[in-house]
Amino acid sequence: MLSIYITSFIVGGLICVIGQLMMDVGKLTPAHTLCTLVVVGSIMDGFGLYEPLIDFAGTGATIPITSFGNALTHGALAEAEKHGIIGVLTGMFEVTSSGISAAIIFGFIASLIFKSKGTI
Amino acid sequence: MNKRGLLTFASKPVIASTGVTVGPLEMKKSPFSKYADKNYDDERCGLKTNEQGHAKMMEDACMIAMSKLDKTPADAEFVLMGDLVNEMTPSNFAASTIGVPYIGMFSACATSVSSLLMAALLTESGMAELVVAGSSSQHNSIERQFRYPLQYGSQKGATAQWTASAAGVATIIPYIEGAPIITCGTIGIVTDLGLTDPLNMGAAMAPAAADTFKRHLEGHGSTVEDYDLIMTGDLGKIGFELFKTLLDRWEFDVSSTFRDAGAEYYGKHPEFLAGASGSGCSASAYFSEVYDKLLSGVYKRVLLIATGSLMSPLSYQQGETIPCIAHAVEIQMK
Amino acid sequence: MDEKKYQQLEQQITPKPKYVKNCVAAFLVGGLICLIGQFVALFYISFFDFTERTASNPTVATMIFISMLLTGFGYYKKIAQVGGAGSAVPITGFGNAMISTAIEHKSEGYVLGVGGNMFKLAGSVIVYGVFSAFVVALIKTILVGLGVVSW
Amino acid sequence: MTIRKILLLGFILVLLAGCSTSIGFKTVNTTDVDGQRAETLVKEDKRIKNAVILIHDDRLIAGLRVNTFERFKKRKIAKELSKELEKLYPEMKITVSADSKVLLETNKLIDEKNEKNYAKKMKKISSLVKEET
């Protein structure tokens with residue numbers, strides 16, 4: 001039980017370190033970094049590597065943005081397995097809708113409640 | 001002698017008064033705020049949008065500057081001002097409220113000096129008895145236009161500067177005694193040395209400032225020792241360091257008399273990283289502390305070099321380099 | 001002064017990012033966010049009918065909710081200044097990008113401002129995620145069809 | 001926030017996470033079939049740290065926890081075990097999962113010691129696992 005917290009912390013932290021190195025050493029903007037990580041996540045799922053990582057690290061693998069690419073690919077692949085090539089198009093958001101819908105909903109709620117502040 | 005871009009004002013136009021307004025954060029953190037005429041408790045000056053607040057700061061600064069001369073907008077012939085937001089809308093709105101014939105000025109953060117020089121020219125030509133010149137910036141509206149939303153979490157490096165919320169305005173009239181005289185100035189040449197990092201604007205602007213500085217001293221035949229103060233606009237800590245290094249290579253004495261408004265703007269608060277930027281930064285520093293010290297006789301002769309980076313979000317996203325400009329104005333107190 | 005010489009000088013004087021310090025901070029902040037996520041997941045597993053795997057959806061939604069509060073009250077950008085990628089890479093950073101844009105563009109109205117701009121920063125992540133998922137899934141489906149690999 | 005504070009917070013959280021008890025190996029069998037075979041099978045597998053097996057009516061549920069570095073393959077391990085258990089108990093409905101939800105719920109069920117609930121809850125646990133795939 002304890003070990004999942006340690007692996008989550010370490011794996012999650014390491015993915016962030018990779019992102020930090022891309023930003024600091026690779027001089028990428030945050031947007032470029034995140035897009036690259038998402039693409040990496042989806043490629044990893046293509047090789048079937050990301051699901052074992054989730055089993056190993058729990059949220060350490062599902063919270064970083066790489067899991068977004070993984071979930072999209074996973075949905076597409078699962079659908080493709082059932083319905084063939086059409087499934088690639090239709091299955092994409094089957095698994096991953098929660099992140100996007102939560103962000104839209106909470107973003108809209110936030111825009112109703114909060115005002116932007118220029119404090120430091 | 002090459003006289004390109006050099007201006008000399010024989011009729012000695014003077015800065016009769018100034019008006020400086022600063023935002024709430026600047027009031028708390030900036031050493032320049034104690035010279036300011038007005039500050040606001042609210043970053044939007046109690047109005048609905050950031051841009052309205054921005055216009056309000058500008059408008060208040062103009063009214064304060066004129067009221068110090070017991071003048072109303074009806075007495076002013078021209079108002080010259082600018083800012084950094086889309087098509088200078090805050091200045092346009094401020095001008096529409098004031099109702100003085102208006103020319104929008106844009107030299108990015110160098111607008112404080114370029115408007116001052118144009119105002120001096122109008123006065124020199126005899127076409128104006130009272131010209132209002134200035135520039136302003138407001139953190140929220142500019143940050144959002146040039147960078148990210150205010151609440152967006154992005155890590156800023158040591159070179160990043162904080163856009164100041166401030167407006168600085170001066171009124172320029174024909175010569176009278178006891179006011180600082182605008183004696184001469186130099187219009188800058190756009191300098192682009194191929195830097196592309198929009199979060200390191202000080203480094204991009206430093207060569208422009210150095211170039212204008214050199215041209216001013218050579219063109220007007222002065223030396224560093226002639227000045228009590230040489231103050232750049234918003235180079236920030238890193239840009240200022242580069243500026244001094246460049247001058248040092250050209251064998252100017254940079255050991256004293258040099259200051260940078262941006263680097264000093266937020267005092268010793270490390271969270272502001274390289275210092276302040278924005279067209280309001282140089283304007284509010286020049287028209288508050290420097291002007292007061294000219295009036296009180298602490299400074300007799302100062303050289304103000306405001307720098308601006310002439311880029312837009314579009315240009316740097318398209319991978320363009322950052323062209324920069326610097327204008328210099330020399331002010332003397334007899 | 002020519003461009004190359006100046007750029008060399010600029011490189012000399014501009015302080016380098018503190019690579020080690022930034023990486024340690026990113027590791028700690030990123031790890032901590034994931035750890036909090038693990039506790040949230042534990043909560044959903046223990047008290048609701050979610051398995052480890054299905055709990056990830058409500059966990060992500062909860063983390064974005066936390067991100068909304070932190071963003072709205074202005075703490076997220078402070079965390080980001082310390083954590084760097086540690087706060088940008090987790091899903092909370094994705095939430096922060098959308099939520100901060102939504103708050104920022106409120107002044108242009110709810111349809112054109114909030115609605116039209118919400119995906120301004122985060123949209124690229126979705127675009128690249130979807131397109132790369134499409135390409136990867138397509139390649140794999142074709143390879144499976146050809147009998148080169150299995151599901 | 002300074003790094004020191006973050007470190008401290010992280011440390012406390014890790015400490016808090018440590019406060020969970022180990023379950024070990026447990027088998028509860030309410031039927032006449034030989035449950036011992038299942039238990040030895042699970043116990044002999046070195047990759048498995050904890051396991052709870054519940055046999056009731058025509059259902060067998062095994063909740064597993066595998067060693068940290070075997071977690072990468074935990075689905076495969078569960079699948080393998082499931083196949084072997086199916087060989088041992090061909091007439092039963094077998095659910096094997098390395099998901100901690102299954103382990104926790106099965107353990108709770110056993111601790112409640114209310115046999116009436118077994119059938120209903122076991123069905124639910126099986127359906128949770130099925131829903132996932």
Side-chain angles (χ1 to χ4, degrees), chain A residues 4-5 8-17 19-25 30-31 33-35 37-39 42-43 45-46 58-60 62-65 67-69 72-73 76-77 80-81 84-85 88-89 92 98-100 102-104 106-111 113-117 119, chain C residues 17 19 22-23 26-35 37-38 41 52 56-61 63-65 67-68 71-72 74 84-86 88-91 93-95 98-99 101-104 106 110 114 118 121-122 124-126 128-130 132-134 136-141 151:
Chain A
I4 188 81
Y5 297 97
S8 166
F9 186 89
I10 290 174
V11 171
L14 284 178
I15 294 174
C16 295
V17 169
Q20 186 72 37
L21 288 173
M22 286 161 75
M23 274 163 32
D24 278 355
V25 182
T33 309
L34 295 186
C35 288
L37 285 174
V38 166
V39 173
S42 100
I43 292 173
D45 191 57
T59 52
T62 56
I63 296 277
I65 199 82
S67 82
F68 186 67
L72 287 167
T73 313
L77 284 175
E81 206 173 341
I85 213 116
V88 173
L89 281 175
M92 205 128 351
S98 76
I100 295 175
I104 294 175
F106 293 132
F108 194 83
I109 292 172
S111 77
I113 306 173
F114 298 108
K115 248 188 161 184
S116 62
K117 280 185 298 233
T119 47
Chain C
Y19 298 115
N22 284 355
C23 282
F27 180 76
L28 292 176
V29 172
L32 198 62
I33 291 173
C34 294
L35 190 61
Q38 192 65 54
E52 268 177 31
S56 91
N57 282 345
T59 305
V60 161
M63 292 310 281
I64 291 176
F65 177 73
S67 168
M68 172 185 96
T71 305
V89 172
I91 198 83
F94 176 79
M98 287 192 53
I99 292 158
T101 330
I103 297 174
E104 191 64 48
K106 191 180 175 174
Y110 285 102
V114 175
M118 204 184 262
L121 288 171
S124 61
V125 169
I126 298 176
Y128 277 90
V130 167
S132 65
F134 172 74
V136 168
L138 193 66
I139 292 173
K140 192 154 181 184
T141 310
W151 288 112

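No hydrogens, no waters, no symmetry mates; every other heavy atom, side chains included, goes into these values. Letters A, B, ... mirror the listed sequences (proteins, then strands); counts begin at 1.
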message: Need one label for A:L72: side chain, backbone, both or neither, based on atoms under 4.5 Å from any heavy atom in chain C.
response: both
query: Are C:S56 and A:T62 linked by a side-chain donor-acceptor pair shorter than 3.5 Å?
result: no
- request: Report the option among A:I63, A:L89, A:D45 that has the most heavy-atom pairs separated by less than 4.5 Å from atoms of chain C.
  value: A:I63
task: For chain A, find which of C:P58, C:A122, C:A61, C:G74 contributes the most heavy-atom pairs closer than 4.5 angstrom.
output: C:A61
query: Does C:Q38 reach the main-chain N or O of A:T59 with its side chain, forming a donor-acceptor pair under 3.5 Å?
result: yes
query: Does C:A137 offer a backbone N or O that forms a donor-acceptor pair with the side chain of C:T141 under 3.5 Å?
result: yes
statement: Max heavy-atom pairs within cutoff under 4.5 Å with chain A, candidates C:G95, C:S67, C:S124, goes to C:S124
message: Can you list everything that forms a side-chain contact (heavy atoms from CB on, under 4.5 Å) with A:S98? Sequence neighbours excluded, please.
response: C:N57, C:V60
- request: Could you check whether the rings of C:F27 and A:F9 sit parallel, tilted or perpendicular, using 30° and 60° as the cut-offs?
  value: perpendicular
- request: Compare every heavy atom of A:I104 with every heavy atom of C:M118, then report the nearest pair and how far apart it is.
  value: CE-O, 3.7 Å
task: With the side chain counted from C-beta on, respond yes when A:V25 and C:Y19 share a heavy-atom pair under 4.5 Å apart, and no when they do not.
output: yes
query: With a 4.5 Å heavy-atom cut-off, do A:I100 and A:F68 have their side chains touching?
result: yes
message: Between C:L121 and chain A, with a heavy-atom cut-off of 4.5 Å, which part of the residue counts as in contact: side chain, backbone, both or neither?
response: neither
- prompt: For the candidates C:A85, C:A41, C:A88, which exhibits the highest count of non-hydrogen atom pairs separated by less than 4.5 Å from chain A?
  reply: C:A85
task: Pick one of side chain, backbone, both or neither for C:V130, based on which atoms fall under 4.5 Å of a heavy atom in chain A.
output: both
- request: Tell me, out of A:V11, A:I113, A:D24, A:V17, who's got the most heavy-atom pairs with chain C below 4.5 Å.
  value: A:D24
field: chain A contacts, top residue of C:G72, C:G37, C:A26 (heavy-atom pairs, under 4.5 Å)
entry: C:G72
- prompt: Who among C:T59, C:I33, C:I126 has the most heavy-atom pairs with chain A under 4.5 Å?
  reply: C:I126
task: State whether the number of non-hydrogen atoms from other residues, nucleotides or ligands found under 6.0 Å of A:F114 atom CZ is greater than 12.
output: yes
query: Heavy-atom distance under 4.5 Å to chain C: side chain of A:T33, backbone, both or neither?
result: neither
- request: State, to 0.1 Å, how close A:M23 and C:G84 come at their nearest heavy-atom pair, and which atoms those are.
  value: CE-C, 4.3 Å
field: Top of A:G107, A:A102, A:S111 for chain C proximity - count of heavy-atom pairs under 4.5 angstrom
entry: A:S111
query: Any idea which of A:G12, A:S8, A:C16 has the most non-hydrogen atom pairs under 4.5 angstrom with chain C?
result: A:C16
- line: Highest number of heavy-atom pairs under 4.5 Å with chain A among C:I139, C:I64, C:I99 belongs to C:I64
field: Leading residue by heavy atom contact count with chain C [cutoff under 4.5 Å; candidates A:G69, A:S67, A:A80, A:A31]
entry: A:A80
